[in-house]
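A, B, ... follow the sequence lines: proteins, then strands. Residue 1 opens every chain.
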2 protein chains.
Amino acid sequence: MIIGQAADAAGVSAKRIRYYEQIGLIDTARRSGAGYRVYDERDLHSLRFIRRARQLGFSIPHIATLLALWRDRRRSSADVKEIALAHVEELRSKITELQSIVDTLEDLAAHCDGDSRPDCPILAELQGVE
Amino acid sequence: MIIGQAADAAGVSAKRIRYYEQIGLIDTARRSGAGYRVYDERDLHSLRFIRRARQLGFSIPHIATLLALWRDRRRSSADVKEIALAHVEELRSKITELQSIVDTLEDLAAHCDGDSRPDCPILAELQGVE
DNA sequence: CCTATACCTTCCTATTATGGGAAGGTCAAG
DNA sequence: CTTGACCTTCCCATAATAGGAAGGTATAGG
């Protein structure tokens with residue numbers, strides 16, 4: 001299987017696969033006589049694992065750790081859980097931050113007439129009028 | 001007032017001010033005899049406006065528009081409100097997305113023993129075991 | 001056998017909004 | 001006149017890709 005086929009099968013772009021190889025997230029692929037990267041089912045499993053982890057918002061360094069744990073038969077589930085929960089905490093903070101922005105903007109927008117007149121609490125707030 | 005003072009007064013770094021000038025978000029600063037950028041109160045107002053807008057998560061292109069509206073005495077508040085509400089919608093989608101990841105991870109973590117044994121629903125999910 | 005086209009390769013650029021740092025000029029105080 | 005704290009420009013790095021150029025390869029059809 002060459003890179004385009006692997007990309008289709010794993011649901012990632014060929015570009016990404018090369019990038020993951022370049023940064024060392026996946027092993028250097030074997031090459032065909034013509035220099036084409038060659039993949040097998042095991043590689044697809046890794047690529048799919050990476051894709052799912054990315055979809056869950058894990059960073060590539062975190063995924064590197066998760067991949068290592070995944071391959072380690074003697075891992076402890078506690079290690080995995082710790083990474084996942086730390087990630088959840090990060091996401092929660094981000095959500096809280098975004099939510100507070102939403103609240104602020106909605107409050108401002110609610111007091112903005114939204115008509116053709118120039119008066120606007122949103123700009124007033126940005127301007128720093130208390 | 002030179003850049004370091006303006007930076008302190010406006011609560012942004014000197015680097016940022018130069019960057020904002022470079023990309024055209026703020027006007028090219030006047031220069032002193034020695035070539036130092038010189039700022040006045042009006043510039044500080046703009047920089048503070050930008051800082052607050054960044055804190056509310058507006059992108060620089062959006063801020064450019066908001067700044068233009070802010071300076072336009074004949075603006076309509078509807079234009080400002082529209083940008084703000086569109087931004088709110090983006091934030092909401094992002095929050096929803098993050099929240100769904102949090103829900104997934106918490107569910108998986110709840111079923112993960114988190115002990116020294118290797119069994120781990122989190123890795124099982126990433127692996128694609130249904 | 002030749003050619004088209006659909007791949008593959010590497011390498012370089014761009015994205016977003018900064019931060020870091022080097023090399024060198026300037027200014028104020030002591 | 002030196003020292004230190006500024007300023008200047010310019011280049012590099014970040015995270016995780018996408019896009020594209022230039023050139024090699026595999027395959028199918030005529």
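Here the P atom of nucleotide C/dT15 and the NZ atom of A/Lys15 are 16 Å apart, to the nearest Å. If you take CD1 of B/Ile17 and C1' of D/dC7, they are 13 Å apart, rounded to a whole angstrom. Counting to the nearest Å, the P atom of D/dC7 and the CE atom of B/Met1 are 12 Å from each other. If you take OH of A/Tyr39 and C1' of C/dC8, they are 11 Å apart, rounded to a whole angstrom.
Listed here is the closest heavy atom pair of A/Ala29 and A/Val38: CB-O, 4.0 Å. The two residues A/Ala14 and A/Ile3 make their nearest non-hydrogen contact at O-CD1, 3.6 Å.
Among the heavy atoms of the strands, none lies under 4.0 Å from B/Ile23. Looking at heavy-atom distances under 4.0 Å, A/Arg54 makes contact with sugar-phosphate atoms alone, never a base. Within 4.0 Å (heavy atoms only), A/Ser59 reaches sugar-phosphate atoms of the nucleic acid but no base atom. Across all strands shown, B/Ile60 has heavy atoms under 4.0 Å from sugar-phosphate atoms exclusively, and none from any base.
Nearest nucleotide to the side chain of B/Arg16, out of C/dT18, D/dC10, C/dT9: C/dT18. Of the listed nucleotides (D/dC6, D/dT9, C/dG21), D/dC6 has the atom at the smallest distance from the side chain of B/Tyr36.
On a pure distance criterion of 3.5 Å, no polar donor-acceptor pair joins the side chain of B/Tyr19 and the base of C/dG19.
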